[in-house]
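Down below is the structure, laid out as structure tokens.
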Amino acid sequence: MSSLESEYRLDYFEENDFERKECVSCGAHFWTRDHDRETCGEPPCDEYSFIGDPGFAESHTMEEMREEFLSFFEENDHTRIDPYPVAANRWRDDVLLTQASIYDFQPLVTSGETPPPANPLCISQPCIRMQDIDNVGKTGRHTMAFEMMAHHAFNAREEVGDEYAYEGEVYWKDETVQYCDEFFESLGANVEEITYIEDPWVGGGNAGPAIEVIYKGAELATLVFMSMEQDPDGEYELKDGNRYSPMDTYIVDTGYGLERWTWMSQGTPTVYEAVYPDMIAFLKENAGVDHTDEEEELVHRAAKLAGAMDIDEAEDMQTARSDIAGRLDADPEELTALMRPLEDIYAIADHCRTLAYMFGDGIVPSNVGTGYLSRMVLRRTKRLVDNVGVDAPLDELVDMQAKRLGYENRDTIRDIVRTEERKYRETLERGGRRVRQLAEEFAEKGEPIPTKELIELYDSHGIQPDMVQEIADERDVDVEIPDDFYSLVAARHDTPQQAETTTERDERLSDLPETERLYYDDQERTEFEAVVLDVFEREEGYDVVLDQTMFYPEGGGQPADHGHLSSEDGSVEVTDVQRRDGVILHRTTDDPGKGEFVRGQVDIERRRSLMQHHTATHIVGYAAREVVGDHVRQAGAQKGVERSRFDVTHYERLTREQVEEIERVANRLVRDNIPVKQEWPDRNDAQEKYGFDLYQGGIPPGEQIRLIQVADDIQACGGTHVRRTGDIGAIKILTTEPVQDGVERIVFAAGDAAIRATQETENHLRDAAEVLDVNPEDVPDTAERFFTEWKERGKQIDRLKQELAEARAAADAEEIDIGGTPAVVQRLDTDTDELRATATALSEDGKVAVLGSGAGGSAQFVVSVPDGVGINAGEVVGELAGMVGGGGGGPADFAQGGGPNADDLDEALDEAPGVLRNVLNA
RNA sequence: GGGCCCAUAGCUCAGUGGUAGAGUGCCUCCUUUGCAAGGAGGAUGCCCAGGGUUCGAAUCCCUGUGGGUCCA
């Protein structure tokens, strides 16, 4: 085993008289120019020494500090790159949010598959980290939203030649540390006070030496030298317990926290005051937070110690705070009362910036993915705002940040915030009612509300336990909130992980050359000639590999082509086509013979329909964006022959008017008959020119990507398309449905399928019109009239039955005497409703009623007993129903029942008087 | 993507296999009146849809639809 110690012995340190030391407090190794230094410089070993005493020559705003950084590195031969969206899932599917600048270049650039947009480069990348959410506002230094300023260099070992998308070394450790040092100097920092702490970095299967850069108690930068990958036989064992070995590429990955640097330059009590001065002033004023000079002074001194407030490290907030109070010689409660509103205000400012980033970059609130995260942040922010007593609308607060960040879609952002706020309010109202009900229930029982109910309320209804507590307090009911509440909730979600289905690798397949794809050359051609390179026998049919093909393999939501392969010996049918590692497999019914020349014929009808639907998909997406807004983005798509579906992100249900408008816009584009352009630009050029909206259908690998342009809509797309939009013929939107919160599915048909679909719906209408015997246009009115009349008649029938029943009861029926009470036993052969009404009417006249019916093929009984007569109706019904092979029951004064043997009904009724007497006697 | 919850009068909801209910709102009348209100009577309903179990389903089971919520 070898440690990384030697990795840190840099020439730069040597030449500049640095000394390697071990921190007397925490034991970490670090490098410093100050030979008397004993501690590493990082809290808790050292305190902040820049509060009220800025560490740089000049005070900078966030904007100024960003510019200082970027221009410093530009002057040092780095290319400045525009930031990427905070929604990292737009270009990679393994993470949701951008948490570091290096995320922009994973996985394709770091693996060496794709060249970086520039090398070396510098950037200031907005990031969101939800992990520290509980620290935000409290520690004075944690933020959920931040910008990571960075410079990156992508290197490949000399000996691997041009195997990767970049070659050779740009620069490595010495230069990186030197840049850092020089940047500090350029800002007028006292370089004697900087410490470089050795802190190896491990993450996501990669690792390498790394250095934390500490200045005046604050961690201002991390310099990571990504150079190793996980390898069971590797020579290095790192802190995660895994073994690592060097990789062919090695990458300089730095991170300079813009907020920290800004803070350092200003020396304000907290980072928040340095980065959001205007918003904090506004919130303080709005919430009526006003401090005396002494209070201000106390807050100031507490801030210096607040670094200890990290809920991951501190035992708990309470003790951390009393500890600080003790050291300041202040009353813990007073200090808490003073700090709490400030902490909320800091958090609100930070959260609003997070929301502005999220919605500004096109995230739509939802119950899944990034949308869910945005919903959580928004709700949390709303609670904070209410808690601290800020009465400005949330959409305005978010807009303050969106404006500062320069977003252009501010109206949409505000609209999203308002919609989401309304949904939250509705949830709270619903929840509140539910909790009140529950509280009353348990108040009556005199029991506390059990944990089980709390979990149910939270998990199924989104009600926080403290809200339950609040309402329960009003009703004087106890609540049991266990400490491990959230893990109890998590336990409810424990489901066995499904095993990943591993695709088996075929040795023979990997030896074959990539199939030449003819379908991109001429998307209209359907015939071609090819040589059969190999044939794989499968469980059902054969997989045929050709040297070139016109057949489009399933991909990008477009189903595979069908058709035939013919040779002199005959013809085989192609039923499916798939692409594996560049090799296209044609699934056929028979073996065409390895080495044969074949003529391929693609099923033209199917292909044409698929092309029409595919191009139509792009058009519908474009139209939806035109009509609904720029936040509309593809969330999935599936093309078909008869219909296609296209899922779009949107924060409300689409209205019928919007759908009609989308249809109009889409068909206008069809009528305009504009050409559909295909091109293969360099991916970095395309990205720079069009942004990440290119990748709505997924991220293709490679240095070149294929772009499809229809009007102003440009998409990275591997599918086949018609030549001009007019070739689509027509687009008909069939339905829209919500797939999940924040995502609407638009189902549509294109070309002939659109005509067929329209005819089909029209036929439904005609059929309905025929049944009603009216013209199609009269169907709605007639249907409504019929429905109303139908309801009226139902009521009329009820009334008539009631009258009939009363008339029947009044009519002279044969009465028998049961212990002094008159009883009527009668067969009526009507439905149960009528039996019931008659029996009730008879009993109101003081008679026992035993009524039977054979209507509907089974025997039915209703027995009714007047008040004060000692006969149990339920027992009578039970006896009688038993005789017809069934059962029954009901309350003592009224019961019903029956059985399947209608033939025995009369017999049973004959027995009824006897049964009544028996039950009376009993 | 997965788990859970919900769907009954215009609204908020009760109803766990046996005659569909309450509160509120609505309509009519009365009382009172500056307003608010008070009293009496009345109408509310494909109990989300489809299938199944049962003599019998708002109720139990399955499928679907719509809404909510938690988690990754």
Describe the nucleic acid contact of A:Glu456 in one word from base, sugar-phosphate, nothing, applying a heavy-atom distance below 4.0 Å. sugar-phosphate

Using the P atom on both, measure B:U53 against B:C61 and round to a whole Å. 15 Å

Integer angstrom distance from the C1' of B:C13 to that of B:G56: 27 Å

If I pick the C1' atom on B:G23 and the same atom on B:U31, what distance separates them, to the nearest angstrom? 24 Å

Taking B:C11 as the reference, what is the distance to B:G25 when you measure between their P atoms (whole Å, please)? 15 Å

Between A:Pro900 and A:Phe894, which is nearer to the 5' end of RNA chain B once each is assigned its nearest nucleotide? A:Phe894

Scan A:Thr832 against the nucleic acid and name what it touches under 4.0 Å (heavy atoms): base, sugar-phosphate only, or nothing. nothing

Rounded C1' spacing from B:A40 to B:U54 in Å: 44 Å

A:Tyr651 and A:Arg418 side chains, donor-acceptor separation under 3.5 Å: no

In plain terms, say whether A:Glu789 and A:Arg793 are close enough for a salt bridge, that is, a side-chain N and a carboxylate O under 4.0 Å apart. yes

Just checking A:Asn367: base, sugar-phosphate only, or nothing, at a heavy-atom cut-off of under 4.0 Å? base

Ring of A:Tyr458 versus six-membered ring of B:C70: centres under 5.5 Å and planes under 30°? no

On a whole-Å scale, what distance lies between the P atoms belonging to B:G17 and B:A72? 38 Å

Of A:Lys423, A:Arg430, A:Arg422, the one forming a salt bridge (Lys or Arg N to Asp or Glu O under 4.0 Å) with A:Glu426 is A:Arg422

How far, in whole Å, is B:C29 from B:G66 if one measures between their P atoms? 45 Å

Judged by atom type as modelled, is there a donor-acceptor pair below 3.5 Å linking the side chain of A:Ser853 to the main-chain atoms of A:Thr830? yes

Could you tell me how far B:C60 sits from B:U8 if I compare only their P atoms? Round to whole Å. 15 Å

Contact class for A:Gln896 (heavy atom, under 4.0 Å): base, sugar-phosphate, or nothing? base

Give A:Gly369 one of three labels, base, sugar-phosphate or nothing, depending on what nucleic acid heavy atoms sit under 4.0 Å from its own. base

Under 4.0 Å from OP1 or OP2 of B:G67: is there any side-chain N or O of A:Arg653 that close? yes

Using only heavy-atom distances, decide whether a donor-acceptor pair under 3.5 angstrom links the side-chain of A:Asp741 to the base of B:G68. no

Give me the residues of residues 783-803 of chain A where at least one heavy atom lies under 4.0 Å from an atom of RNA chain B, by number, or none. A:Phe787, A:Trp790, A:Lys791, A:Lys795

Side chains of A:Arg434 and A:Gln437 only: does a donor on one sit below 3.5 Å from an acceptor on the other? no

Using a heavy-atom distance cut-off of less than 4.0 Å, which residues of residues 462-469 of chain A contact RNA chain B? A:Gly462

Report which part of the nucleic acid A:Arg436 touches: base, sugar-phosphate, or nothing (heavy-atom distance under 4.0 Å, all strands). nothing

